[in-house]
Amino acid sequence: MAPTSQPFLPTMSDEKTLRPTFVRPEDERPKVAYNQFSHDIPIISLAGIESDRRPTVREAVAAACEDWGIFQVVDHGVDASLIAQMIQLSKEFFALPPEDKLRFDMSGGKRGGFIVSSHLQGEAVQDWREIVTYFSYPVRSRDYSRWPDKPEGWKEVVEKYSEELMGLACRLLGVLSESLGLETEALAKACVDMDQKVVVNFYPKCPQPDMTLGLKRHTDPGTITLLLQDQVGGLQATKDGGETWITVEPIDGAFVVNLGDHGHYLSNGRFKNADHQAVVNSDCSRLSIATFQNPAPDAIVYPLKLAGGEKSILDEPITFPEMYRRKMSRDLQLARLKKIAQEQKLHKELKEEITQPQKLDEILA
Ligand SMILES: O=C(O)CCC(=O)C(=O)O
Ligand SMILES: [Fe+2]
């Protein structure tokens, strides 16, 4: 066990029950098993994307975005050995002793590093995951002092990976722009000078996986996210904000592509912002690497094209930080309302109990 002065790290825990801060309310708990894989999410080959297969890819990607806001890509051109190295080094990072990870502790608002994460700042329930995160684009604002210095070779591999993923993201944004009837560069231009942030998620083996989540239900805020996952499984998605969850099948070397809120707004809602979460399990740990492609802070968020008479889903053009602020305040508001509803329900149940004399005797006993 870690000394008590250190924060609780799920990777170091051998406890048989979850700490109360990780226990989710019943309606948020997993409904589908981490390894009950669905084949509903389209798998799209990017082979020939710059030549004869471009129209086919364009159609497949547009249909997936309209339907789910999520799809997987194979034959994407990112070197398989680079992917394998990235996964291996990330696993080695999380296996380091707590002191080595906590030297990069990012609590207190530091820009990048290691943390045991909660989805929302100030949210009561914690996610069963540890993360290491770094900001990789724009290159001029890289702060290498916040990038871990272990394991050996991490920085070089991460730099190469970030560059390759920026290339893949731009290729995908080109196809997405065309499928919206826009010029190839339209989505990239709307991001101004594209930001890239990488979050490596490590979900340790969990003693009570049915009562918690690795990562709470959310939509990603940015334009698109490229997610690399190992072969364990745990990423779940749902359609149209509904309650029917599916577990995305892990495919060796594939990237899961998610449309985020920014992509959703730019397309005036034609493309969905994928509603997703990560579940954990008691058999083994899981690793995923999310590369978020976000617009620059001064980029304007507003639909890129409105057909004659079509109404914008945004009342006014706003900046990306303002979009994010509104999203966070909506989420916090919802969390507060939910808490009030739960308290009222408890209060009502208690009131009903104390109107039954035998119950009142039990309570007072
Ligand atoms: O680990 C996963 O499967 C999901 C990760 C994710 O959604 C995120 O980091 O935003
Ligand atoms: Fe996400």
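These figures come from a predicted structure and were not determined experimentally. Whatever order the structure lists ligands and atoms in, that order sets their numbers, starting from 1.
Using a 4.0 Å cut-off between charged side-chain N and carboxylate O, D127 and K216 make no salt bridge.
The protein heavy-atom contact nearest to atom 8 (C) of ligand 1 is L215 CD2, 3.4 Å. The protein atom (non-hydrogen) at minimum distance from atom 9 (O) of ligand 1 is N201 ND2, 3.3 Å.
Using a 4.0 Å cut-off between heavy atoms, Q277 makes no contact with ligand 1 at all. Residue-level proximity to ligand 1 for N258 is absent, since no heavy atom of it falls below 4.0 angstrom. Proximity of T225 to ligand 1, defined as any heavy-atom pair under 4.0 Å, is not found for any part of the residue. When heavy-atom distances to ligand 1 are checked against a 4.0 Å cut-off, V256 has no atom that comes that close, whether in backbone or side chain.
T319 contributes no side-chain N or O that, together with a main-chain N or O of D298, makes up a donor-acceptor pair within less than 3.5 Å.
A donor and an acceptor atom, one from each side chain of N201 and S288, are located under 3.5 Å apart.
Ring geometry for W147 versus Y134: interplanar angle of 30 to 60°, hence tilted.
Which parts of ligand 1 touch A290 is read off a 4.0 Å heavy-atom cut-off, strictly below it: atoms 9 (O).
By the 6.0 Å and 45° rule, R142 stacks over the aromatic ring of Y137. For the pair R19 and F8, the cation sits on the ring face: its NZ or CZ lies under 6.0 Å from the ring centre, inside 45° of the axis. Cation-pi check for K272 over W68 is not met; the charged atom does not lie both under 6.0 angstrom from the ring centroid and within 45 degrees of its normal.
For a threshold of 3.5 Å applied to N or O pairs, the pair formed by Y203 and ligand 1 contains at least one separation below that value. At under 3.5 Å, not a single nitrogen or oxygen of Q229, backbone or side chain, sits near a nitrogen or oxygen of ligand 1.
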